[in-house]
Amino acid sequence: MMWVALGLDRPRSDKDSVWFEAARRYPTLFPANVARLTTLSPAWGGTAQEMLEFARTQAARAPESDPLPALVPLAHFENAAAGRSPMSRGAWFPEEALREIVAAAGRWWQRGRHPRGIEAHNIFGAAFYTADLRRPARGHLARTGGRGSRLPWSHLGDPAHQYQRACARLNVPVPA
């Protein structure tokens, strides 16, 4: 419902209402948290500050092995993407943001299986890839099982192409 409210450009109060109900029912539901982060992004009428605050809060509350810490790099991708074209060159994240992404990755390293773990590994892998941190990028992308996700790769261009390109550059095998 949150994506519908976003797509229909409903007022903020409607989006907030849907989020509060989703959070009441299942506060750590990854897709609902991603949708909420998107509704708070500058691209959809929110602010960078409230989006980053939401990501940090949810990551801090995440149970062990829950992929919610991936909201932190996703928020930084959303923030950076607001001011650039998909293929523009240059650093994606300032040093402070990169330190925060590294810390979030340290809080989450999938110890058990989670249905959204592949998406989280894509988010962290893409963040480290764009920062040219090859070892952590390779580690996360190797855990995707050759399956890319739309976010955050769509910020770089065609998601499937960008995912495969990153894997190729990092020597991460991708099943045909």
Side-chain angles (χ1 to χ4, degrees), residues 1-88 90-108 110 114-131 140 148-157 159 162-163:
M1 291 301 295
M2 291 175 57
W3 292 114
V4 171
L6 191 66
L8 292 175
D9 199 24
R10 299 298 304 157
R12 173 68 184 263
S13 60
D14 288 356
K15 295 171 194 169
D16 290 348
S17 177
V18 173
W19 163 248
F20 293 133
E21 183 59 26
R24 183 186 68 76
R25 292 180 186 202
Y26 195 162
T28 60
L29 184 64
F30 191 75
N33 277 272
V34 169
R36 177 60 173 177
L37 184 134
T38 302
T39 65
L40 298 174
S41 73
W44 292 98
T47 67
Q49 182 180 351
E50 68 182 330
M51 177 184 62
L52 287 164
E53 184 178 313
F54 172 78
R56 291 170 182 139
T57 300
Q58 295 304 94
R61 292 180 183 165
E64 188 174 315
S65 81
D66 192 284
L68 285 177
L71 293 174
V72 172
L74 184 57
H76 284 294
F77 264 112
E78 291 287 334
N79 195 37
R84 60 190 299 147
S85 64
M87 294 303 293
S88 61
W92 268 83
F93 310 114
E95 193 65 34
E96 182 180 317
L98 192 54
R99 279 194 300 272
E100 187 173 24
I101 292 167
V102 168
R107 286 193 304 269
W108 178 77
Q110 190 174 8
H114 190 281
R116 299 297 178 159
I118 289 173
E119 291 169 79
H121 281 301
N122 269 280
I123 294 167
F124 279 114
F128 290 133
Y129 171 72
T130 58
H140 281 283
S149 59
R150 186 182 66 77
L151 288 175
W153 298 107
S154 58
H155 291 304
L156 303 173
Q162 294 300 321
Y163 169 77

Pair Asp66-Trp108, side-chain donor/acceptor within less than 3.5 Å: no

Gln162 versus His155, side-chain donor and acceptor atoms under 3.5 Å: no

His76 and its side chain to side chain contact (heavy atoms under 4.5 Å, CB included) partner, picked from Glu96, Met51, Glu100: Glu100

Exam field: side chain Ser17 to backbone Asp14, donor-acceptor pair closer than 3.5 Å: no

Backbone N/O of Pro27 and side chain of Asn33: donor-acceptor pair under 3.5 Å: yes

Distance, nearest 0.5 Å, that separates CG of Leu52 from CG of Leu40: 10.0 Å

Pairs involving residues 114-123, ordered by first then second residue, that meet salt bridge (Lys or Arg N to Asp or Glu O under 4.0 Å) (sequence neighbours left out): Arg116-Glu119

Mutual orientation of the aromatic rings belonging to Phe93 and Phe77 [parallel < 30°, tilted 30-60°, perpendicular > 60°]: perpendicular

Residue pairs involving residues 34-59 (criterion ring-ring contact (aromatic ring centres under 6.0 Å, His included); sequence neighbours excluded): Trp19-Phe54

Carboxylate-amine/guanidinium contact Arg10 Asp16, below 4.0 Å: no

Residues that Asn79 engages under side-chain hydrogen bond (donor to acceptor under 3.5 Å, both in side chains), provided they are two or more places apart: none

Glu50, CD atom: more than 12 neighbouring heavy atoms under 6.0 Å: yes

